[in-house]
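Chain A is the first sequence line, chain B the second, and so forth, proteins listed ahead of strands; every chain is numbered from 1.
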Protein chains: 2
Amino acid sequence: MTEETGLRERKKQRTRQALSETAIELFLARGFDQVSVADVAAAVEVSKPTLFRYFPSKEDLVLHRIADHQGEAARVVRERAVEASPLAALRAHFHARLDAYDPVTGLCDNPAVLAFHDLVFTTPSLLARTVRYSERDEELLAAALYETGGDGGDEFMARLAAAQIVTVQVRLARGNWCRINGGVRAAEALPRAHAEADVAFDLLGGGVGAVYG
Amino acid sequence: MTEETGLRERKKQRTRQALSETAIELFLARGFDQVSVADVAAAVEVSKPTLFRYFPSKEDLVLHRIADHQGEAARVVRERAVEASPLAALRAHFHARLDAYDPVTGLCDNPAVLAFHDLVFTTPSLLARTVRYSERDEELLAAALYETGGDGGDEFMARLAAAQIVTVQVRLARGNWCRINGGVRAAEALPRAHAEADVAFDLLGGGVGAVYG
DNA sequence: CTCGAAAACGCAACCGAGTTACAAAAGATT
DNA sequence: AATCTTTTGTAACTCGGTTGCGTTTTCGAG
């Protein structure tokens, strides 16, 4: 199905990629708000309406990248080993991504990745949009949790748990990014990242009650 | 300090209120996106720049109302009875607000309140902005939790817990609003709202681990 | 009461995001 | 090559938000 060998299709793919890459390049160089969509369109030698035919908004020029990770948590739960609990699978997965210095964990000092994260986190309109992605992620995770049946068929509980899990993962990533952004190398920050992840998943699993209850 | 008896100050207050009230009125009647800021300004007989001197954005014409509730969770924690734990205080407070059919719980079938909630929740740009308010609320709660010292001085844990608590409260309110919006009277939905709140706070206190761990 | 400074306002023009209508161009089809 | 469809460019438009500037209104001091 990825073999739509038409010339037309190839051109579209190339235009789309050129738009996104050129846009991010310009945004990184001058800042998101200092580059207009007209600038991007001009740089790719495309008209403004055409740009919006490829990306519904200026923000999507940047954020379509992170859309690829949509549903990762849900997938982890679904594809976990039969003997593993959902939470244990998510925990193990997060630690594994940490060791791989996966950008999604925030623990990644690759200059390009860091600059990209910096762009997203320090541009209000971009940051606001990431929330929408988290919400979708949460929905998908809730569905996956519900399917496990551990809640005795309580859909509301699945949604609550999903919300908490996604929230915690976002906080973990933000914490890591902050330290990396403060100049710490990823390898140095790794132990603390693992420790915080343990704290977070312990809290998640054992409840806030043990501390503030 | 609320006694700035100047004529100037009084006029400003009146203009501000007129702008907000007229705007909400128009938005409720025709929909947020079908009313331009120029319409609002014209209805109040004020110029467009003046409108923006009072409210930094179109959304703030609506949302400045909910800004009043900022920091409610933090306040509850700070002003709790000495023998009460933070979580118990928050739980009791939520149940109490439920019994009072407080709009913040989503369980309120007052037509005006319902229409207002409907406006906020079904207008994407407004809904997006509410997230910012929640984030601020979360920050304040984190600080209040940290001060209790129950975490042994772990600021990160305070932030995690605050994030989870705020998230759960938002979900509870959304659930209630959904049912009210579906036509159920607040009094009818009250038992279920209490039940869900219990489930939510149990999950919060006892951990996701007991269910999905 | 008067006068001058400061605050608030209106006007008009402007910018940038996003949309629309229509006509022109380019790929696909026979 | 002729035709049909999809994609594109042009130009004009709407709307949120800003800016510069001149005018009015309020305040406060003499």
Side-chain angles (χ1 to χ4, degrees), chain A residues 1 3-20 22-24 26-27 29-64 119-120 123-129 132, chain B residues 1 3-20 22-24 26-27 29-64 119-120 123-129 132:
Chain A
M1 54 169 71
E3 286 292 330
E4 295 291 342
T5 47
L7 167 59
R8 203 171 238 161
E9 217 60 28
R10 260 177 290 150
K11 267 193 153 178
K12 271 175 40 174
Q13 298 282 9
R14 241 181 299 153
T15 303
R16 186 181 168 81
Q17 191 173 343
L19 279 171
S20 170
T22 306
I24 292 176
L26 290 175
F27 294 157
R30 278 190 275 156
F32 187 78
D33 296 320
Q34 275 61 57
V35 178
S36 74
V37 292
D39 293 338
V40 177
V44 185
E45 290 180 312
V46 149
S47 74
K48 199 166 58 148
T50 294
L51 184 151
F52 283 109
R53 276 176 205 122
Y54 283 90
F55 296 92
S57 79
K58 187 184 182 184
E59 286 79 17
D60 289 302
L61 282 164
V62 177
L63 294 179
H64 76 104
L119 175 66
V120 173
T123 305
S125 61
L126 288 175
L127 188 58
R129 286 261 178 153
R132 310 274 294 186
Chain B
M1 53 170 69
E3 287 292 329
E4 295 292 341
T5 49
L7 167 61
R8 203 173 233 160
E9 218 59 30
R10 259 177 293 149
K11 267 193 154 178
K12 272 175 37 174
Q13 298 283 8
R14 238 182 300 151
T15 303
R16 185 181 166 80
Q17 192 173 341
L19 280 171
S20 170
T22 305
I24 292 176
L26 291 175
F27 294 157
R30 280 191 273 154
F32 187 78
D33 296 319
Q34 275 63 55
V35 179
S36 73
V37 292
D39 293 338
V40 177
V44 186
E45 291 181 312
V46 150
S47 72
K48 202 169 55 154
T50 294
L51 184 152
F52 282 109
R53 276 177 203 121
Y54 283 90
F55 295 92
S57 80
K58 187 183 182 184
E59 285 79 17
D60 289 302
L61 283 165
V62 177
L63 295 178
H64 77 103
L119 175 65
V120 173
T123 305
S125 61
L126 287 175
L127 188 58
R129 285 259 179 154
R132 309 275 294 185

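Note that OG1 of B:Thr15 is 12.5 Å distant from CZ of B:Arg10, once rounded to the nearest 0.5 Å. Note that the CD atom of B:Glu9 and the CD atom of B:Gln13 stand 6.5 Å from one another [nearest 0.5 Å].
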For nucleotides 25-30 of chain C, print each protein N/O atom paired with a nucleotide N/O atom at under 3.5 Å, atom names and distance only.
unit_1, atom_1, unit_2, atom_2, d
C:dA28, OP1, A:Leu7, N, 2.9
C:dA28, OP1, A:Arg8, N, 3.2

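Across every non-hydrogen atom of A:Phe55 and A:Ser20, the tightest pair is CZ-CB, 3.9 Å. Across all their heavy atoms, A:Ala43 and A:Thr22 have their closest contact at CB-CG2, 3.7 Å.
The shortest side-chain heavy-atom distance between B:Phe27 and B:Thr123 does not fall under the 4.5 Å cut-off. Within the 4.5 Å cutoff, the side chain of B:Val46 has no heavy atoms near those of the B:Tyr54 side chain. Counting only heavy atoms from C-beta outward, the side chains of A:Leu126 and A:Arg129 never approach each other to under 4.5 Å.
Within a 6.0 Å radius of CD in B:Glu45, other residues, nucleotides and ligands contribute 12 heavy atoms or fewer.
Atom P of nucleotide C:dG18 and atom CZ of A:Phe55 are separated by 13 Å, given to the nearest angstrom. A:Leu51 has its CG atom 16 Å from the C1' atom of D:dT10, to the nearest Å. The interatomic distance linking A:Glu45 (CD) with D:dG9 (P) rounds to 10 Å, in whole Å. Straight-line distance from the CG atom of B:Leu19 to the C1' atom of C:dC9: 13 Å, rounded to whole Å. In this entry the distance linking CZ of A:Arg16 with C1' of D:dT8 reads 17 Å, nearest Å.
The residue A:Tyr54 sits close only to the backbone: its heavy atoms come under 4.0 Å of sugar-phosphate atoms, none of a base. Using a 4.0 Å heavy-atom cutoff across all strands shown, B:Gln34 reaches no nucleic acid atom at all.
In terms of phosphate contacts, A:Thr50 brings a side-chain nitrogen or oxygen within less than 4.0 Å of OP1 or OP2 of D:dG9.
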Problem - Under 4.0 Å protein heavy-atom contact, by nucleotide of nucleotides 15-21 of chain D - B base, S sugar-phosphate only - result: -SBBB--
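Applying the salt bridge (Lys or Arg N to Asp or Glu O under 4.0 Å) rule to B:Arg132 yields no partners; only residues at least two apart in sequence or on another chain are considered.
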